[in-house]
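This report refers to the structure that appears directly beneath it.
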Amino acid sequence: MGETKRKRGRKSESESKTAAATAEAADFRPALDEKLPVGNAEMIEPASSAAGRRRGGRKRHKASEKPEASSPAIMPARSVPRGIESGDFALTPGDLLRRAVAAEMAEEAGARVLPAMDSVVKVFCVHTEPNFSLPWQMKRQYSSNSSGFVIKGRRVLTNAHSVEHYTQVKVKKRGSDTKYVAKVLAIGTECDIAMLSVDDDDFWEGVSSVEFGDLPALQDAVTVVGYPVGGDTVSVTSGVVSRIEILSYVHGSTELLGLQIDAAINSGNSGGPAFNNKGNCVGIAFQSLKQEDVENIGYVIPTPVIMHFIRDYGKNGAYTGFPIFGIEWQKMENPDLRMAMSMNADQKGVRIKRVDPTSPESAVLKPSDIILSFDGVDIANDGTVPSRHGERIGFSYLVSQKYTGDNSVIKVLRDSKIYTFNVKLATHKRVIPLHNEGRPPSYYIIAGFVFSTVSVPYLRSEYKDESETPVKLLDKLLHSMPQSPGEQLVVVSQVLAADINIGYEGIVNTQVLAFNGKPVENLKSLASMVENCKEEFLKFDLEYQQIVVLRTETAKAATLDILKTHCIPSAMSDDLKS
């Protein structure tokens with residue numbers, strides 16, 4: 001069985017020029033990416049770095065292996081209906097009628113979508129990604145193409161991964177030869193949506209905005225419009241909604257409501273709208289499933305998630321994110337477990353394993369509480385709640401419908417008694433963040449020791465696969481909860497060789513626990529303690545009972561020479577200077 005990959009659909013400009021050679025190329029990501037993001041979603045690099053891997057599907061024949069054309073079937077002698085061309089002699093009148101009806105339906109559907117297609121734009125982005133191995137500099141810039149569409153208020157929506165680490169963003173209207181510089185208003189990393197604006201009034205002449213439709217039902221027809229690899233003009237693919245459930249969003253490493261469709265979504269489709277048969281937008285194409293025995297499985301961000309992003313920006317003037325219920329919970333499907341927790345036969349819910357101590361929920365909820373309902377909606381023993389058409393969906397969907405700062409009513413069972421709490425929802429910090437939200441990495445250098453903080457992008461940059469990642473880092477990623485709002489995992493990422501640090505050169509990605517006997521909460525506190533140290537020695541306590549000791553005066557004096565030798569402009573990142 002081949003690997004399962006959920007791909008993001010941004011394509012590079014070079015792909016559009018070499019589409020014949022790359023139309024079936026697929027991106028890959030190290031095996032580490034299969035484990036780190038939430039819900040086992042896999043992060044996929046931009047299509048600009050795809051090389052040589054073929055997408056699963058129908059086998060391609062080499063030029064020397066082309067199958068021989070089969071001979072036409074010998075049909076019984078009968079009169080051929082009038083108007084049938086010789087190439088269609090094997091078709092019956094019924095076949096031709098069905099073909100005509102299908103063509104008429106396709107033409108009608110195209111006519112309905114055609115006005116909305118003029119709102120679809122091509123997005124050009126120049127990216128400059130941070131260099132986590134050398135955090136004082138950036139990587140070489142590269143370009144990519146993706147799709148977007150115009151909405152009310154002179155704004156454009158596209159995917160967040162289409163403009164991540166952007167240096168410059170430009171958009172081009174359908175049928176136009178002019179690229180207009182765009183401004184990024186907001187980037188929603190969790191929901192993989194970004195909002196753009198264009199100041200040039202010429203761009204908005206003759207452009208219509210899309211209208212949003214309701215969440216579609218299963219088997220509803222959808223049409224995805226965008227600028228995928230394979231050509232430079234707009235492309236249209238059609239299919240039906242095959243699944244509606246909570247999905248892993250690859251870019252944001254989160255889980256939100258999503259649509260699965262059987263329309264093809266390829267590199268460059270990212271950010272393009274999905275229309276229903278009325279010409280209303282019901283989603284944004286953003287990723288696809290790649291597997292050897294799977295074809296045409298794409299994923300669309302549905303309108304509830306899109307409207308949450310738009311309303312959040314309109315309400316707060318910025319993107320504040322989706323709130324998170326700050327607990328870890330356990331299913332209560334086992335009857336003995338329910339009996340041990342004093343649950344009645346008619347009671348259902350999930351057990352709280354742990355509560356994030358930095359979350360508002362920690363003030364009222366406790367481990368072993370049984371959550372019975374959220375905002376009046378009963379939660380089943382498997383953690384699901386009723387959905388439409390008799391289906392069920394994870395109760396995290398109810399949380400994702402709320403906004404940061406909203407209150408929710410939580411009913412819990414504790415010691416055979418039922419309690420009701422009013423909880424304020426918030427976005428929570430993690431010891432190892434899932435993404436850097438476009439910010440450059442933080443670093444601090446003293447005597448050649450480069451201190452940095454660990455995040456999921458940092459781990460992807462440092463390690464090719466899970467087997468190379470230190471077990472303690474993986475454990476903290478998957479299970480650790482912060483004990484304070486500003487807690488970070490600080491490590492010695494590398495040691496720049498110098499006379500003063502002889503014997504310490506082998507220290508790589510090792511956590512710093514304390515400095516001169518004081519615990520290290522975050523990188524800023526470590527830098528402050530070192531800079532203000534008046535003691536004779538600098539003593540760093542590392543994991544595995546390892547220590548680093550340097551003379552304070554000589555260490556600070558040697559730092560300037562080391563920075564000059566390695567062409568490093570500053571001993572600390574800008575965020576630590578403030």
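The chain is numbered in sequence order, starting from 1.
Contact between Ser288 and Tyr299 at its shortest, heavy atoms only, is CA-CD1, 4.1 Å. The two residues Glu333 and Asn381 have their closest heavy-atom pair at CG-O, 3.9 Å. What you find for Thr427 and Gly321 is that their closest heavy atoms are CG2-C, 4.3 Å. Listed here is the closest heavy atom pair of Leu576 and Ala527: CD1-CB, 4.5 Å. When all heavy atoms of Ile306 and Ile193 are compared, the closest pair comes out as CA-CD1, 3.9 Å. Glu255 and Ser248 get closest at one heavy-atom pair: OE2-OG, 3.8 Å.
Between Val492 and Val512, the closest side-chain pair of non-hydrogen atoms falls below 4.5 Å. At least one side-chain heavy atom of Phe325 sits under 4.5 Å from a side-chain heavy atom of Glu361. Counting heavy atoms from C-beta on, the side chains of Leu256 and Ile246 never come closer than 4.5 Å. Ser387 is not listed as a side-chain neighbour of Arg392, based on a closest heavy-atom distance of 4.5 Å or more. Side-chain contact between Thr554 and Ile500 is present, with at least one heavy-atom pair separated by less than 4.5 Å. The closest side-chain heavy-atom distance from Val548 to Phe449 is below 4.5 Å. At a threshold of 4.5 Å between non-hydrogen side-chain atoms, the residues Ser408 and Ile410 count as touching. Looking at Lys556 and Ile446, their side chains come closer than 4.5 Å, going by heavy atoms from C-beta outward.
With rounding to the nearest 0.5 Å, the separation of CZ in Arg430 from OG in Ser480 is 9.0 Å. With rounding to the nearest 0.5 angstrom, the CG atom of Asp356 is 11.0 Å from the CD1 atom of Ile327. For the atom pair OH (Tyr458) and OG (Ser442), the distance works out to 12.0 Å, reported to the nearest 0.5 Å. Rounding to the nearest 0.5 angstrom, the gap separating the CG atom in Leu538 from the OG1 atom in Thr552 is 3.5 Å. The line from CG of Leu134 to CD1 of Ile568 is 8.0 Å long, rounded to the nearest 0.5 Å. How far CG of Leu496 is from CD1 of Ile445: 6.0 Å, rounded to the nearest 0.5 Å.
Taking the six-membered ring for Trp, Phe451 and Phe540 have ring centres closer than 6.0 Å.
At most 12 heavy atoms of other shown residues, nucleotides or ligands fall within 6.0 angstrom of atom CG in Asp499.
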Derivation of the side-chain contact (heavy atoms from CB on, under 4.5 Å) call for Ile371 and Ile352
CA-CA 7 Å; Ile371 303 178; Ile352 296 178; 3.8 Å; yes
Might you work through the salt bridge (charged side-chain N to carboxylate O under 4.0 Å, His left out) test for Glu553 and Arg551, ending with a clear yes or no?
CA-CA 6 Å; Glu553 184 177 352; Arg551 287 181 61 87; 5.2 Å; no
For Ser570 and Tyr443, what are the C-alpha separation, side-chain angles and deciding distance, and is it a side-chain contact (heavy atoms from CB on, under 4.5 Å)?
CA-CA 10 Å; Ser570 176; Tyr443 72 92; 4.1 Å; yes
Determine whether His161 and Asp192 satisfy the following criterion, side chain to side chain donor-acceptor pair (under 3.5 Å), listing intermediate values before the conclusion.
CA-CA 6 Å; His161 72 258; Asp192 202 0; 2.8 Å; yes
Would Ile187 and Phe309 satisfy side-chain contact (heavy atoms from CB on, under 4.5 Å), going step by step from the backbone distance to the final call?
CA-CA 9 Å; Ile187 296 180; Phe309 171 83; over 6 Å; no
When you look at Val491 and Thr453, which way does the side-chain contact (heavy atoms from CB on, under 4.5 Å) test go after all the steps?
CA-CA 6 Å; Val491 296; Thr453 58; over 6 Å; no
Evaluation steps, side chain to side chain donor-acceptor pair (under 3.5 Å), between Glu190 and Tyr319:
CA-CA 10 Å; Glu190 294 94 341; Tyr319 173 74; 2.6 Å; yes
Between His127 and Tyr166, is a ring-ring contact (aromatic ring centres under 6.0 Å, His included) present by the stated rule, with each step listed?
CA-CA 4 Å; His127 310 260; Tyr166 69 92; 8.8 Å; no
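Of the possible donor and acceptor atoms, one in the side chain of Arg338 sits under 3.5 Å from a partner among the backbone N and O of Met332. At distances below 3.5 Å, not a single donor-acceptor pair connects side-chain atoms of Asn316 with backbone N or O atoms of Tyr313. Side-chain atoms of His428 come within 3.5 Å of backbone atoms of Ile324 as a donor-acceptor pair (strictly under, hydrogens ignored). Judged by distance alone, with hydrogens and angles left aside, the side-chain atoms of Asn516 form a donor-acceptor pair with the main-chain N or O of Lys539 at under 3.5 Å. Side chain of Asn532 to main chain of Met529: no donor-acceptor pair is present (N/O by atom type, distance under 3.5 Å, no hydrogens or angles). Although no hydrogens or angles enter the test, the distance criterion places a donor-acceptor pair under 3.5 Å between the side chain of Asn334 and the main chain of Leu337. Judged by distance alone, with hydrogens and angles left aside, the side-chain atoms of Arg354 form a donor-acceptor pair with the main-chain N or O of His479 at under 3.5 Å. Panel note: side chain Asn522, backbone Gly486; a donor-acceptor pair is recorded below 3.5 Å. Not one N or O on the side chain of Glu164 forms a donor-acceptor pair closer than 3.5 Å with the backbone of Gly438. Side-chain atoms of Ser528 never come within 3.5 Å of backbone atoms of Ser525 as a donor-acceptor pair (strictly under, hydrogens ignored).
A salt bridge links Arg414 with Asp369: the distance from a Lys NZ or Arg NE/NH1/NH2 to an Asp or Glu carboxylate oxygen falls below 4.0 Å. Between Asp375 and Lys402 there is a salt bridge, with a side-chain nitrogen of the basic residue lying less than 4.0 Å from a carboxylate oxygen of the acidic one. Here Asp561 does not pair with Lys564 in a salt bridge; the nearest charged N to carboxylate O distance is not below 4.0 Å.
Remark: Lys472 is positioned above the aromatic ring of Tyr544, its terminal NZ or CZ atom under 6.0 angstrom from the ring centre and at most 45 degrees off the axis. Figure legend: Lys315 and Tyr403 shown as a cation-pi pair, the cationic atom lying under 6.0 angstrom from the six-membered ring centre and within 45 degrees of its axis.
Counting only N and O atoms by type, the side chains of Ser484 and Glu521 include a donor and acceptor under 3.5 Å apart. In this model, a donor atom of one side chain and an acceptor atom of the other lie less than 3.5 Å apart for Asn509 and Glu462. Tyr142 and Glu129 are linked by a side-chain donor-acceptor pair at a separation below 3.5 angstrom, with hydrogens and angles left out of the test.
Classification of the Phe374-Phe395 ring pair by plane angle, with boundaries at 30° and 60°, yields tilted.
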